[in-house]
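Following: one structure in structure tokens, then a few remarks.
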Amino acid sequence: MKTNMDRLVILLILWFTGIAGHAQDAIKSIQIVDPQGKPLKGIVVGINACGKDSKLKTKEDGTVKLSNVNCASINIHIGNKFYEDVDTLINSAGGDVKIALKDKIIGLEDVEVKAFRPMLKGDAEKTIYSIDTRGLLKNAKANEALRFLPGVVAENDTYKILGKANNARLKIDGVAASVEELKMLKATDIKQVEVHNISSDDTAGSSGEINIIRRRHERPRIYGSAQAWTNLLHPLFGNFDTFMFQNKKWDLGARMNYVTNKQRMENGVERQYPATGSIESLYEDRRFDVTQFSQALKVGYYPNSNASITAKLSHDKYSSDITHETRGFESELSNTSAKENIEHYLALLNGFLKIGENNSLLLKGNYHKYRYTTRYITGYDDFYRSSMDEFTAELVSENNKISWLWDDNVRIGLKSVWRRNDSHAAERSNYSIQQLHASLSHNFSKKLSMHLILKGETDNLNHERSYEFLPSVRLNYNMGKAGSISANYQRNVVRPSIDYLNSDTLRVSEFQLWVGNPSLASQHNDAFELSYRKQIKSAYLTIAAGYNRQKGIINPAYLDPQDYNTYTYENIGSKDEASLSANWTQRLCKGRLNLSFTLAGLYTNYDVVRNFADAVLMVPEKGFGWSANLNFSYLTTRQWQYSLMCSYRPQTYSFNTINYQKPFLMGSITKAFFNDRLEVGVNFYNSLLYLNRTHATSNFRDMQQRSWRKMYMNSINLSLTWNFGKWFRGRRGAEDTDNNDIELRK
């Protein structure tokens, strides 16, 4: 019995010592590294083993060691303000473990309340912003997020960089994008936004660039939505459908938009002749039966990280049946009807190729066909057409770390544009533009940086060879917590539209005829700007002061002293404009409330060029104006989204006209159902102003004209949106080519 007891004791001792020996052999090392694989010191690792919690801090080599763990698995938690949280389960009997952390994209509230980390970083070339989407619905799109980007003024579907008169170009991963493409992209899928105040693409028709960089996801995804809406007050129906697919090597995206509605506009004109004391008046009632249809298809192929090919096709058509009733200056009555069409066909093919570590090539090609027609059905036996074919090819070489240029990178590009004017009743003409551009970014120190663009162009517009030198330079000085200050100069050119060069007559009515001028020359702009940016706790302040000088401005003109009804186009004079703007962006209520407010003042002065001074009937205007813009959104804890946009420009100036306008208001209430699959929204468009009436005064040499316009813009829309699938990762492809040196009807 004793022998058996001894044996039992020995077995128990061996069993317990075996367990201890096994635990001693299972000492585990956990190493924490950054996204580049560098060991991280001082990272706190939370450990839950066998129901007990403990915390260890990593050493110089980024490791912590676990010992005496008697359970099969261990829960690991890592929370850090600079890296994404990690929660994982590891096997205590396994080998050593390495955990790579990912950088955290910190939103505005996190930045200023929790980590006090700047929400942006920037230099002279660009400013990079993170996006906080906590104040938006889960399926909110990129166009909504851009409304609250600091220093950006959003109005309806347009975006301007503060202090700029023209719209910014929109890009997604470096490829030019439309507002419709922004409406396809989820706001939560935005990694960051790059804002370029100047770029080699800048023209007088566009200012600066907003480039959205998408997040990357590892698995193939499908995403899309189907939206339909109707007006509860006036006849209207619209739908906007999107579909996107991605796997490791392919991207496929498609969209379709269809809108049909009825519009009405009333015009009135009163002319006073001081010399005779006579007054004459005109009244017009114009009704439009409008159909808008657009579709697009985009395909991307990414064989590896060093190459990509992107192709895009799109078509947009605006069609309107117009009825026009007029009571003329002599009280005569007339009725006309016409059909108006505007079409754009666009095709893109471009490629990106990385050569070695420091060099890359971008090859871009575009085709754009534009056509505008008006065919009169009753009233006039007339037909008007403007048509243009445009081909663009561009090759850009980017070379990094050039030793004799401070080890900076340089971009050099060659661009060629060919245009054919195939308008009705106009001499068919072709002209081409050849461009060479180079850009360099350099940091003189941690605080002072420079971005320089040198661009030269030559064209044969009007069968005359001209040469343009179009430099741009921007300096940025970072003052740390005090903010940053930037100064830039930019010169660009705007060429006359195909419509302006068309010698045919566009007959809007018997009292409004437009005749093109095939001899128009280009317009030149010189812009100077000084801006200041600063983050103030949960708000962001941007101030911009600018001066813009335009020579040879392309403007409608009356040259016949006996005819105030026929317009033509001339390089009629110059424009000087000085402006001061401020934007305040604020986030409140734990990130659920977004607010952006912009206030701007400007002084405008027009002058007639000397050789027109004796011929032109128009008297130039000058004076002060101001504008205000408000964007607001609030997301309740129960996922109700309230949005409001308001803009007010009470007085604006054109060459010889002062325009007086009323506020523009747009609001919406949206609620998501069925796990965010269905969104129901009510949208209010100028509902407080049932008749949006504006008026203007124009001064002529021997006559003063007062005109008014009344548009039935009020609407209340009910919209339904069904979201399906999941969003997928984005890739950086070659840039698009967008020629904004001329103006076309949209």
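Just so you know, these numbers use all the heavy atoms, side chains as well, and skip hydrogens, waters and symmetry mates.
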- [ ] Please step through side chain to side chain donor-acceptor pair (under 3.5 Å) for the pair Tyr370 and Asp499, ending with a clear verdict.
- [x] CA-CA 10 Å; Tyr370 161 74; Asp499 294 299; 2.7 Å; yes
Check whether [X] reaches the backbone of [Y] with its side chain - one donor and one acceptor, N or O, closer than 3.5 Å.
| X | Y | value |
| --- | --- | --- |
| Asn517 | Ser519 | yes |
| Lys141 | Asn139 | yes |
| Lys415 | Glu457 | no |
| Asp34 | Lys38 | yes |

Would you give the length of the straight line joining atom [atom1] of [X] to atom [atom2] of [Y], rounded to the nearest 0.5 angstrom?
| X | Y | atom1 | atom2 | value |
| --- | --- | --- | --- | --- |
| Thr392 | Trp418 | OG1 | CH2 | 11.5 Å |
| Tyr129 | Leu149 | OH | CG | 6.0 Å |
| Asn583 | Thr598 | CG | OG1 | 4.0 Å |

Heavy-atom pair with the smallest gap, counting every atom of [X] and [Y]:
| X | Y | value |
| --- | --- | --- |
| Lys534 | Ala482 | CD-O, 3.8 Å |
| Phe240 | Glu180 | CZ-O, 3.5 Å |
| Gly151 | Thr585 | N-OG1, 4.4 Å |
| Ser305 | Phe352 | O-CE2, 4.4 Å |

TODO: Starting from the C-alpha separation in whole Å, work towards a yes-or-no answer on side chain to side chain donor-acceptor pair (under 3.5 Å) for His524 and Gln550.
DONE: CA-CA 6 Å; His524 296 84; Gln550 299 179 0; over 6 Å; no
Hydrogens and angles aside, do [X] and [Y] bring a side-chain donor and acceptor to less than 3.5 Å of each other?
| X | Y | value |
| --- | --- | --- |
| Thr458 | Gln434 | no |
| Gln490 | Asn488 | no |
| Asn399 | Ser397 | yes |

Can [X] and [Y] be counted as an ion pair, charged N to O under 4.0 angstrom?
| X | Y | value |
| --- | --- | --- |
| Asp576 | Arg549 | yes |
| Asp459 | Arg495 | yes |
| Lys183 | Glu181 | no |
| Asp189 | Arg214 | no |

- [ ] Going by the side chain to side chain donor-acceptor pair (under 3.5 Å) test, name the single residue among Lys126, Glu125, Arg411, Arg474 that passes it with Ser441.
- [x]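 Single side chain to side chain donor-acceptor pair (under 3.5 Å) partner of Ser441 among Lys126, Glu125, Arg411, Arg474: Glu125.
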Open item on the list: If the test is side-chain contact (heavy atoms from CB on, under 4.5 Å), which one of Thr158, Asn143, Val179 qualifies with Leu170?
Closed with: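 Between Leu170 and the candidates, side-chain contact (heavy atoms from CB on, under 4.5 Å) is satisfied uniquely by Val179.
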TODO: Report the relative orientation of the aromatic rings in Tyr301 and Trp250; use parallel for angles under 30°, tilted for 30 to 60°, perpendicular for over 60°.
DONE: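 Tilted, since the angle between the ring planes falls between 30° and 60°.
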- [ ] Please confirm whether His368 and His344 have ring centers closer than 6.0 angstrom.
- [x]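 Centroid distance His368-His344: below 6.0 Å, so yes.
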